[in-house]
Amino acid sequence: MGAAGAAAAANGRGRRESAAMAAAGGDGGAGAAEAAEGEGAGGADPAVPAAPGRAQVFSTVVDTFLEKLVAAGSYQRFASCYRCFYKLQPQLTRSIYDQFISQLQSSIKEEIQEVKNEGNLEGLFNSLDKIVEEAKDREEPAWRPSGIPEEDIRSALLPYLLKHHSYLRKVLREKEEENRKVAKSVLAGRDRIAELQQLIQARKQAWQAIGKEQRELIMTFQEPQ
């Protein structure tokens, strides 16, 4: 009877262990299926976030600089510099430190913002981002130095010199045309002066002839007397 009871108890434990393993297997299968579904859903390439603009990078650099500046000038160092005052007024020391750091950060941000406004850094950063973005779709290779300074300088200066040469030729043609007009006007003025001189000479001769005739006429009237 004792042996039979032991066997029955063993069989009962075996059935319970089998049921527990089956349940665990079922849960494991469900978990595996959920994991597979999760992997399948996440198998697609995630959207690549857009690279931050240069203006944003500049702002991040400024913020990082301020954080490191505050870390370098920690409260412990500030208190150690003013140890005697800190021992007498620790709360006041903390308040002074907080005000000092706040004003320092505000002052630095204002100066940097003033520099950005004066130099139009926001617009320049945006223009540079636009140029870089447009260059991505460019098929022809970008210019690279050849390693020979003379050729690099020549290739860089030649377009500018040709453009300047064309501009100078245009200015020269305009000046030559203007000089031709001035010379033509001067010649016309000289011809007019010559005509006036001839007219004056003719009138002078005419007045001289009239005066001579008048004198002869007067002498004719005076001879009988």
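Note on residues 81-109: pairs passing salt bridge (charged side-chain N to carboxylate O under 4.0 Å, His left out), not counting sequence neighbours, are R94-D98. Sorted by first and then second residue, the ring pair (Phe, Tyr, Trp, His ring centres under 6.0 Å) pairs involving residues 53-73 (not counting sequence neighbours) are F58-F125. The stretch residues 183-198 participates, sequence neighbours left out, in these salt bridge (charged side-chain N to carboxylate O under 4.0 Å, His left out) pairs: R192-E195. Listed by first and then second residue, the salt bridge (charged side-chain N to carboxylate O under 4.0 Å, His left out) pairs that reach into residues 57-71 come to none, sequence neighbours excluded. Listed by first and then second residue, the salt bridge (charged side-chain N to carboxylate O under 4.0 Å, His left out) pairs that reach into residues 123-133 are R54-D129, E133-K136, sequence neighbours excluded. For residues 110-122, the set of pairs meeting the side-chain hydrogen bond (donor to acceptor under 3.5 Å, both in side chains) definition, not counting sequence neighbours, comprises Q113-N117, K116-E122. For residues 156-179, the side-chain hydrogen bond (donor to acceptor under 3.5 Å, both in side chains) pairs, not counting sequence neighbours, are E177-R180. A ring pair (Phe, Tyr, Trp, His ring centres under 6.0 Å) check over residues 91-115, counting only residues at least two apart or in different chains, returns the pairs Y75-Y97, F78-Y97.
The main-chain N or O of T60 is found under 3.5 Å from a side-chain atom of T64 such that the two form a donor-acceptor pair. Distance alone, capped at 3.5 Å, is enough to place a donor-acceptor pair between the S80 side chain and the R77 backbone.
For the atom pair E151 CD and S155 OG, the distance stands at 8.0 Å (nearest 0.5 Å). Expressed to the nearest 0.5 Å, how far OG1 of T93 lies from OH of Y86 amounts to 8.0 Å. Atom CD1 of I200 and atom CD1 of I193 lie 10.5 Å apart (nearest 0.5 Å).
Qualifying side-chain contact (heavy atoms from CB on, under 4.5 Å) partners for S127, counting only residues two or more places apart in sequence or in other chains: none. The side-chain contact (heavy atoms from CB on, under 4.5 Å) test applied to Q201 returns K204, Q205, not counting sequence neighbours. By the side-chain contact (heavy atoms from CB on, under 4.5 Å) test, L158 is found to be paired with L162, residues two or more places apart in sequence or in another chain being considered.
Connectivity analysis of hydrophobic side chains (ILVMFWY, heavy atoms under 4.5 Å, direct or indirect) links V186 to V182.
A chain of hydrophobic side-chain contacts below 4.5 Å, direct or via other Ile, Leu, Val, Met, Phe, Trp or Tyr residues, connects Y82 to V70. Cluster membership for L104 and V62, using ILVMFWY side-chain heavy atoms within less than 4.5 angstrom, is shared.
Side-chain contact between L69 and I108: present, with at least one pair of heavy atoms (C-beta onward) separated by less than 4.5 Å.
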